[in-house]
Amino acid sequence: MPLTLAEPVHSELIIKKSRFIGCVQPMADRASAQKVVAGLWAEHPGARHVCWALLAGGQSAAVDDGEPSGTAGRPMLDVLRHQDLEGVLATVVRYFGGIKLGAGGLVRAYTDSVAQALLTATKVPIVRLRTLGCTVPYAQEGMLRRELDAAGAALLDVAHGQAVTLRFSLAEDAAAGLVSRLNELGQGRLLWLDEQELSGGE
């Protein structure tokens, strides 16, 4: 099961007078990652490089930011991949200390910065959610709410019309079990919303 991080974690290494400030944090997409990187430049105007790697499905990226090609972003991304992470951004701010590290030294420095931050990071499983919705007679609203509560579903909205329409989300792997239980308890009076009706309620 893929994991993500609970919160941002930092590391700091000094290698041959260069300072490497690493951070790993949960991140959903590239646009959000670029905002974080821009924020790091504002925070560290004297830095020589802000290299980063994002592991987020089709939004993944590896950026060397002026370091020799393949010595920063890609090695950082590899560390995230080896840990079975998803939806994680790794950044390393480098202050140059005047001594060149060479390609091998750079790869090690950027890899170690990310690996060190991950040592103390809290990893949490990624729970994929599914949104469902149904319409029930007023008499069954209480039963439905109790079942949603018991299943750990989050109620998104409720509309009271001729009947009661509820939209809710829950872990994808629990959805099928809840649907069959509600169908049984609803005794044929529970109507499920289709995809179009679900998105129309957004």
Side-chain angles (χ1 to χ4, degrees), residues 1-10 23-39 52-62 76-77 79-91 114 117-202:
M1 175 185 285
L3 302 166
T4 190
L5 303 181
E7 70 276 305
V9 184
H10 298 84
C23 179
V24 288
Q25 60 192 303
M27 193 65 51
D29 55 53
R30 196 177 296 199
S32 307
Q34 286 165 329
K35 276 187 197 146
V36 170
V37 172
W52 57 282
L54 173 69
L55 192 54
Q59 302 252 341
S60 296
M76 290 162 68
L77 192 63
V79 175
L80 299 179
R81 281 208 176 102
H82 287 312
Q83 304 238 2
D84 199 21
L85 292 167
E86 177 64 31
V88 174
L89 170 69
T91 54
V114 176
L118 285 170
L119 285 177
T120 56
T122 305
K123 295 172 188 166
V124 291
I126 293 176
V127 178
R128 306 227 178 264
L129 295 178
R130 183 157 169 216
T131 301
L132 297 168
C134 59
T135 300
V136 293
Y138 278 84
Q140 291 185 333
E141 183 182 359
M143 171 277 294
L144 185 60
R145 283 177 179 264
R146 280 191 300 278
E147 289 300 321
L148 294 182
D149 229 26
L155 198 54
L156 302 175
D157 63 45
V158 182
H160 293 92
Q162 290 178 319
V164 185
T165 302
L166 299 97
R167 285 169 66 251
F168 52 91
S169 67
L170 77 162
E172 207 167 67
D173 54 6
L178 180 65
V179 167
S180 64
R181 180 164 169 74
L182 290 176
N183 283 338
E184 201 177 297
L185 293 169
Q187 300 164 333
R189 285 179 301 194
L190 186 141
L191 299 172
W192 292 98
L193 305 182
D194 62 28
E195 292 297 324
Q196 204 172 351
E197 291 169 310
L198 274 177
S199 56
E202 285 288 352

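Only this structure's heavy atoms are used, side chains among them; waters, hydrogens and symmetry mates stay out.
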Study note, to complete from the structure: One should read off an interatomic distance between Leu80 CG and Leu5 CG, to the nearest 0.5 angstrom, of 8.0 Å
Review point. Is the backbone of Gly87 close enough, under 3.5 Å, to the side chain of Thr4 for a donor and an acceptor to pair up by distance?
Key: yes
Review point. Who passes side chain to side chain contact (heavy atoms under 4.5 Å, CB included) against Ala153, sequence neighbours left out?
Key: Leu148, Phe168, Leu170
Review point. Taking all non-hydrogen atoms of both residues, which atom of Ala56 and which atom of Ala28 are closest, and how far apart?
Key: CB-O, 3.6 Å
Check your understanding: Is it true that a side-chain atom of Gln25 and a backbone atom of Leu89 form a donor plus acceptor pair closer than 3.5 Å?
Key -> no
Revision key, fill the gap. Between Pro2 and Arg128 the two heavy atoms that sit nearest each other are CG-NH2, 4.4 Å
Revision key, fill the gap. Contacts of Val158 meeting side chain to side chain contact (heavy atoms under 4.5 Å, CB included) (sequence neighbours excluded), chain-then-number -> Glu141, Arg145, Leu155, His160, Val164, Leu166
Review point. With no hydrogens and no angle check, do the side chains of Thr135 and Thr165 hold a donor and an acceptor under 3.5 Å apart?
Key: yes
Review point. At what distance, to the nearest 0.5 angstrom, does CD of Gln140 lie from CD of Glu147?
Key: 11.0 Å
Check your understanding: Closest approach of Ala151 and Leu178, non-hydrogen atoms and distance?
Key -> CB-CD1, 3.9 Å
Study note, to complete from the structure: CZ (Arg130) and CG (Asp173) are apart, to the nearest 0.5 Å, by 11.5 Å
Practice item. Find out whether Leu3 and Val88 are in side-chain contact, i.e. whether some heavy atom of one side chain is under 4.5 Å from a heavy atom of the other. Key: no
Review point. Mind checking what makes side chain to side chain contact (heavy atoms under 4.5 Å, CB included) contact with Arg81, not counting sequence neighbours?
Key: Leu55, Arg74, Leu77, Asp78
Revision key, fill the gap. The side chain to side chain donor-acceptor pair (under 3.5 Å) partners of Arg146 (sequence neighbours excluded) come to none
Review point. If you round to the nearest 0.5 Å, how far is CG of Leu54 from OG1 of Thr91?
Key: 11.0 Å
Check your understanding: Is there a side-chain contact between Leu144 and Leu190, using heavy atoms and a 4.5 Å cut-off?
Key -> yes
Exercise for review: Go through the steps for Leu85 and Leu118 under the test side chain to side chain contact (heavy atoms under 4.5 Å, CB included), then give the verdict.
Suggested key: CA-CA 10 Å; Leu85 292 167; Leu118 285 170; 3.8 Å; yes
Review point. Just how far is it from atom CG of Asn183 to atom CH2 of Trp192, taken to the nearest 0.5 Å?
Key: 6.0 Å
Check your understanding: Taking all non-hydrogen atoms of both residues, which atom of Met76 and which atom of Trp52 are closest, and how far apart?
Key -> CE-CA, 3.7 Å
Practice item. Return the set of residues passing side chain to side chain contact (heavy atoms under 4.5 Å, CB included) with Ala38 (not counting sequence neighbours), or none when no residue passes. Key: none
Point to revise | Non-hydrogen atoms of Met27 and Ala33 that approach each other most closely | key: SD-N, 3.7 Å
Exercise for review: For Glu86, enumerate each residue passing the salt bridge (Lys or Arg N to Asp or Glu O under 4.0 Å) test, keeping only those at least two apart in sequence or located in another chain.
Suggested key: none
Point to revise | Backbone N/O of Leu132 and side chain of Arg167: donor-acceptor pair under 3.5 Å | key: no
**Study point:** For the student: nearest non-hydrogen atoms of Cys23 and His10, plus distance
**Key:** SG-NE2, 3.5 Å
Review point. Heavy-atom count around Glu7 CD within 6.0 Å, excluding the residue itself: above 12?
Key: yes
Review point. Hey, what do you get for CG (Leu191) to SG (Cys134), rounding to the nearest 0.5 Å?
Key: 8.5 Å
Review point. Any side-chain heavy atom of Leu129 within less than 4.5 Å of one from Glu172?
Key: no
